There are 2 protein chains.
Amino acid sequence: MTDSEKVRSPRAKAGGKRRLLTAAAARVLHEQGVERTTIADIARAAGVPAGNVYYYFKTKDELVEAALAEHAGHLRELTDELDRLPDPRDRLKGLVGAWVSRRDTAARYGCPTGTLAAELDKRDDGGLDLAAGQVVRLLLDWVAGQYRELGDADPEGRALTLVGAYQGMSLLSNALRDPQIMAREGARLIRELDGGPGMT
Amino acid sequence: MTDSEKVRSPRAKAGGKRRLLTAAAARVLHEQGVERTTIADIARAAGVPAGNVYYYFKTKDELVEAALAEHAGHLRELTDELDRLPDPRDRLKGLVGAWVSRRDTAARYGCPTGTLAAELDKRDDGGLDLAAGQVVRLLLDWVAGQYRELGDADPEGRALTLVGAYQGMSLLSNALRDPQIMAREGARLIRELDGGPGMT
DNA sequence: GTCTATAGGAAGATAGAC
DNA sequence: GTCTATCTTCCTATAGAC
């Protein structure tokens, strides 16, 4: 099948390096932000020569898009894992637990998706800002689904409150460089999920 | 007093343009973000020739610092206003009301202090990242003071939750470009402040 | 004090050798 | 497919005329 080899797109062909670059982009863009990160930074982190990057990604924006998709993938992995739990309430508690377990990263660099969305929303150019919103939507929809299963009267509203609380505690924890904030607020969220008042 | 005129620092002397530049910086940096904003952008917004900026601010970072101080000033004006209300609960409700009233700006550009803090926290260079945290602290402390007056058992914790909710709803509203989120979550916060459950 | 012109440097993107 | 060298553009900051 040497012929089909030739037909493969570069995307599929160079799986190794492309995936390496995507993973590096996701990490470095989260740590340094989009604007302060150069193509060279990402190439170095991936162990790939700087100029070579353009064989896999035509522009820097394409790298950002790939990083965004990578974060969406991580989120998907987590929710797939949680979906194995029989009780929706346990799933939500598991989600909060996952957030708290990443408190040190959050305190240093914020929520990957949240900070990326905030930065991309400052640009009016083509569509990337909305792509960040899509990833946030993914999380909101999954959370709303759990509340719906629980028979809550306003699942979308609940989801906004829970995800909002997460984004807020991530930002505060980051601004004040204090992981404890994640632990403290996370504990409060768990308590509320554990049949606290206001829970239908 | 022509002698004292000569003694004034440039900072005091050129009050007009410096203040113009500071106000423009606060606005433009919020809308475009720090990294995407050029000195020329700020100069244009202030109606001042680009090269002239460096007479008032030695570096771009000094402009960012001034913008941060401007936001802190706005916050101070708001809390001073609210402090005139006799009931701490009304003060907190007034704060939430102020947030909601700025929902359109939040949906387009996020919370000025929050987005600035998130962006500055991506840099390890000199101290500006911590300055953003200071402004957030200001707000947290004022809110905690109100809860303390109300006799709450955990004023700092309450403050983290309330300010966190604000930062979270600002970010979500921004990411999804939906001002309604601010209105919806704001109404919830008011409801909770109005003697909802969980309020000591 | 005010402004213009420009130095100096960095980063995205491309051309083309291998 | 892989990598080097470089082109182009843009931005911060400065030098110096007025």
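Source: prediction; values computed, not measured. Residue numbering restarts at 1 for every chain, and letters A, B, ... go by the order of the sequence lines.
- A:Leu176 is not connected to A:Tyr109 by any chain of hydrophobic side-chain contacts under 4.5 Å among Ile, Leu, Val, Met, Phe, Trp and Tyr, and they are in different clusters.
- For the residue pair B:Thr161 and A:Arg188, a side-chain donor N or O sits within less than 3.5 Å of a side-chain acceptor on the partner.
- In the set D:dC3, C:dT2, C:dC3, C:dT2 carries the atom at the smallest distance from any side-chain atom of B:Tyr55.
- Under 4.0 Å is where a charged nitrogen must lie from a carboxylate oxygen, and between B:Arg158 and B:Asp152 at least one such pair does.
- Looking at the side chain of B:Tyr56, the nearest of the listed nucleotides D:dT2, C:dT4, C:dT2 is C:dT2.
- Annotation: ring-ring contact (aromatic ring centres under 6.0 Å, His included) contacts involving residues 64-105 of chain B, sequence neighbours excluded, comprise B:Trp99-B:Tyr166.
- In this structure, B:Asn52 places its CG atom 14 Å from P of C:dA5, rounding to the nearest Å.
- The residues B:Asp87 and B:Arg91 are annotated as not salt-bridged, no charged nitrogen and carboxylate oxygen being separated by less than 4.0 angstrom.
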Reading 5' to 3' through nucleotides 11-18 of chain D, protein heavy-atom contacts under 4.0 Å coded B for base, S for sugar-phosphate only, - for none: SSBB----

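- The pair B:Lys93-B:Asp194 meets the salt-bridge criterion, with a side-chain N (NZ, NE, NH1 or NH2) lying under 4.0 Å from an Asp/Glu carboxylate O.
- For the pair A:Leu20 CG and D:dT2 P, the interatomic distance rounds to 12 Å; values are reported in whole Å.
- Rounding to whole angstrom units, CG of residue B:Asp41 and C1' of D:dC10 are separated by 12 Å.
- Rounded to whole angstrom, the span from the CD1 atom of A:Ile42 across to the P atom of C:dA11 amounts to 12 Å.
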